[in-house]
Amino acid sequence: SDISILSLQIRFILLQNRQGKTRLAKYYVPLEESEKHKVEYEVHRLVVNRDSKFTNFVEFRTHKVIYRRYAGLFFSLCVDITDNELAYLECIHLFVEILDHFFSNVCELDLVFNFHKVYLILDEFILAGELQETSKRAIIERMSELEKLE
Amino acid sequence: MPAGEGTALPHPIMNSIFSGTRLRDMIRSIRACKTAAEERGVVRKECADIRASINENDPHDRHRNLAKLMFIHMLGYPTHFGQMECLKLIASPGFPEKRIGYLGLMLLLDERQEVLMLVTNSLKQDLNHTNQYVVGLALCALGNICSAEMARDLAPEVERLIQFRDPNIRKKAALCSTRIVRKVPDLAENFINAASSLLKEKHHGVLITGVQLCYELCTINDEALEYFRKKCTEGLIKTLRDITNSAYQPEYDVAGITDPFLHIRLLKLLRVLGHGDADASDLMTDILAQVATKTESNKNAGNAVLYECVETIMAIEDTSSLRVLAINILGRFLSNRDNNIRYVALNMLMKAIAFDDQAVQRHRVTILECVKDPDASIRKRALELVSLLVNENNVKQLTKELIDYLEISDEDFKEDLSAKICSIVEKFSPEKIWYIDQMLKVLSEAGKFVKDDVWHALIVVISNASELHGYTVRALYKAVLTYSEQETLVRVAIWCIGEYGDLLVNNVGMLGIEDPITVTESDAVDVVEDAITRHNSDMTTKAMALVALLKLSSRFPSISERIKDIIVKQKGSLLLEMQQRAIEFNSIVDRHKNIRPSLVERMPVLDEATFNVRRAGSLPASVSTMAKPSVSIPNGVAAAPLVDLLDLGSDDIMAAPSSSGADFLQDLLGVDLGSSSAQSGATPGPKAGADLLMDILSIGTPSPAQNNTSSVDLLSTPGINKNPSNALDTLSSPALPHIATTASAGGMFDLLDGLTPSPSKEATNGPAYPPIVAYESSTLKIEFTFSKSSGNPQETNVQATFINLSPNTFTDFIFQAAVPKFLQLHLDPASSNTLPASGNITQNLRVTNSQHGKKSLVMRMRIGYKVNGKDVLEEGQINNFPRGL
């Protein structure tokens, strides 16, 4: 059938700076370490020099990368070719807003020194490659509950 | 937070894992590194410390070690030695340890590592933990990295947790279940009930994950699909209606759109429920119409919802009024100024073509504009869409647009674009002349990007369009003057000039639309010469040019001297194949004027149907076979049945194979092909031999003998379906197959020089000289066969055959010879410098005896070669030459 009834999920999420340093890499499909490095390198190459007027979508191997740039940071999601690109753009933006709330005015250094927290936030936001919670408030509250347990 | 190493504090857990300075210190010192080498140094030292600390097995350092390892891992360094630490942390009682342990587990391990199995037990315990935060950690890890085995083991726990009292656990359990059923689809049934209960949830996060789980189950399991269709369609529609109509909810609104994420998930689930079920589709038409008309489309979030809505409308059962709505939305998307929106419109219009081609055709102009967009992502989609829009009615107009754009498009887009144009033109071409015109335009603009099969197909079509031969060759001639850097254009042009050069210079077969042009024979040869001398022409082009020259030498007798000069220059080519061809062709021009016209006759019409079949299926196979040396030629008997099997339409399987290939060749030389039909009728051999030769020369058979081609192919490339179009392979294969590199082929080549490999009276009309064994050792045998050059009795041509008698391969084989002063010796290169076990190679020698009739030949020789890397030297004197040479 030509309709898009497929298992949809995010394959991986990357957060990279302009120089290609990975600040977060979360894979929801199993990949060899060497393959992960290759993917990170290739995705960075694909997105870093694109004109800002261009689409936020680039075809990547048999999938497609939805990316968005915030200052010097690129947030990239790899999804199926038939997936709703616009929805994933919203996803990225929501994630950035959550980070911004959590770190109050997030900058790259926050993400470097608190990389583990970024992963923990992501785990409250996306699970098994699917959206888990879309409320900023809910995620921030959950994070502070967890912090209290530390 | 207090700094310190955790030693000063009463309980290490009180010192929060990540506030310890050491992690921050490490990150700082890594960031301070100026070079990669410096960074490696710091990391190496840190890793050594961590290993040492792991060996001390102090549980208080574990969490910090692991945190550091995760950072190091993110930088791309190996950290597998930390995997067991994750397991230990997960097994420890406290939440902070478990939390960092699970985080490390997800980062450093994945489902394929065996170590992961060790964690199953801990996971099971944690899923049953009294602390709901611990349960959450375990669900998260399981959902992100579980293997099929773990999914099977832990599914009951997860299923139970879907009903857990805390909503945070419920939503995690729901998504964890999607991973489980993806890994083990058999488990889907077990989750149906639990999942359907989630659809009634009031908690937003649980509802959205519940919808996702139901969607997953529906795509995996038919029973689930039926169940949800019957029991939940109406409820889901109500939920969707509620959120569509609900008032502003700041928590879930995005840019004025109510809860777009839930919207999208609900629409997606409705899509599976409606697809293939008219009743369910009917139920949802109203709400879909409402979403399609009421959603604001000035923000991305709104468009994301519209996108999903259109997808659903297009997937569910026919509701034509809705589809009009959907197509209109896509039309609006397409004219949006936001590139992202235009991109998705192009993508979705491709699906819309299936049910409303006309509606999509209306947007053709806009879509064509998108092909020219600066953004490669848009161009690529638009090009795909355009190729779906082409039909018999619009092919001319669309092709024109695309070709016009080809002239100005980016270099890196030309390959995709030209490939698409070619496939459109081939598929929908209304007439041959139009096809040829368009292909010429593409080759002129983007010839260097065009794949081999495309220009091969063009040659096949040209060959079949006999009334257009003159027109085509003139058009190509004009094109190649302007676009001489387009390699494939040049190839097609020189092929046509070689074949139809006479039509070019004489303006034969002028069409009404043509302006007469004046091309002299010399002009035509200029084009070919240019191709052969141009430094960046590749081997195929040069080889094709050489063949064209040979053909022209016969077509243009008045300038055949000039053509010969060009051919002779190629004797100095650095490419062995070119050298050898040049020598062969030169001798055809020089010494075989009587057979040349029939040798270089026009190619027979190439069979389109067979070419297309081969193009579709067996190209790689034929390529590999072409590379095979044709040493099995003598084995005509064995190969003969193949003709039957392949049924090439040749009734007379007359190849009636003689006992050896050499016989063919002798026969060939013994008779005048052009005239002696009686003789060729008497022995079927010669004709086959002639075909063989022509095949070798890539010239093709004279048309009357067309059905003999089967035997040619049979001989030259056993075991493969052949037809006249294989001449194309011969033309284009850079290896110039059949000849040159194999010993037996070397023999044929000598024949052209007027030599025979074995004594043949017919061949030379002179006295015959028996072959001799010039040298024999335990490992090597050398045989000489002789022939006289016509015209000069002093000159003797010797073919030396070196036979390896040993079971080892000889490499770096070199044969050297010395002769007394009264003799002059000329050595041609050997057919190879590698002599396989029991194989042979040949080399030609020319001896001129100034004392002819008085003294006999005599020769001293030295043979050097390597066996298994060791040098071997053999020497000898040859005194047993036949008298009178």
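Because the structure is predicted, anything quoted here is derived from the model rather than measured. A note on names: the letters A, B, ... follow the listed sequences, proteins ahead of strands, and every chain is numbered from 1.
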Is [X] in contact with chain A via its backbone, its side chain, both, or neither, using a 4.5 Å heavy-atom distance?
X	value
B:Phe71	both
B:Lys172	both
B:Ile145	neither
B:His203	side chain
B:Leu139	backbone
B:Pro374	both
B:His204	side chain

May I ask you to name which of [options] has the most heavy-atom pairs under 4.5 Å with chain A?
options	value
B:Asp259, B:Asn347, B:Leu142, B:Asn339	B:Asn339
B:Ile27, B:Thr312, B:Asn300, B:Asn303	B:Asn300
B:Met106, B:Arg99, B:Lys171	B:Arg99
B:Gly205, B:Pro260, B:Gly104	B:Gly205
B:Met348, B:His73, B:Arg342	B:His73
B:Arg31, B:Arg179, B:Glu251	B:Glu251

Is [X] reaching over with its side chain to a backbone N or O of [Y], donor-acceptor style, under 3.5 angstrom?
X	Y	answer
A:Asp80	A:Asp83	no
A:Asp100	A:Val106	yes
B:Asp375	A:Thr55	yes
B:Arg182	A:Ala128	yes
A:Thr22	A:Ala25	no

For chain B, which candidate among [options] shows the most heavy-atom pairs at distances under 4.5 Å?
options	result
A:Glu124, A:Glu40, A:Lys64	A:Glu124
A:Val58, A:Asn84, A:Leu131	A:Asn84
A:Thr134, A:Leu89, A:Ile126	A:Thr134
A:Lys136, A:Lys53, A:Arg50, A:Lys21	A:Arg50
A:Asn114, A:Leu24, A:Leu31	A:Leu31
A:Glu145, A:Glu133, A:Gln132	A:Gln132

Lys/Arg-Asp/Glu bridge criterion (N-O < 4.0 Å) met for [X], [Y]:
X	Y	value
B:Arg381	B:Glu384	no
A:Glu35	A:Lys38	yes
A:Asp123	A:Lys26	yes

Can you tell which part of [X] gets under 4.5 Å to a heavy atom of chain B, answering side chain, backbone, both or neither?
X	answer
A:Leu146	both
A:Glu90	both
A:Ala87	both
A:Leu109	side chain
A:Arg142	side chain
A:Asp51	neither

Does CZ belonging to A:Arg61 count more than 12 external heavy atoms closer than 6.0 Å? yes
For A:His101, I'd like to know if atom NE2 has over 12 heavy atoms of other residues, nucleotides or ligands within 6.0 Å. no
Check against ring pair (Phe, Tyr, Trp, His ring centres under 6.0 Å), A:Phe75 and A:Tyr67: CA-CA 5 Å; A:Phe75 291 73; A:Tyr67 75 96; over 10 Å; no
Could I get the full list of side-chain contact (heavy atoms from CB on, under 4.5 Å) partners for B:Lys299, not counting sequence neighbours? B:Ala255
Have a look at A:Leu86 and tell me which of B:Ile264, B:Asn340, B:Leu306 forms a side chain to side chain contact (heavy atoms under 4.5 Å, CB included) with it. B:Asn340
Between A:Tyr28 and A:Phe12 (judged by ring centroids, cut-off 6.0 Å), do the two rings come close enough to count as a pair? no
Describe, in one word, how the ring planes of B:Tyr343 and A:Phe57 are oriented to each other, choosing from parallel (under 30°), tilted (30 to 60°) and perpendicular (over 60°). tilted
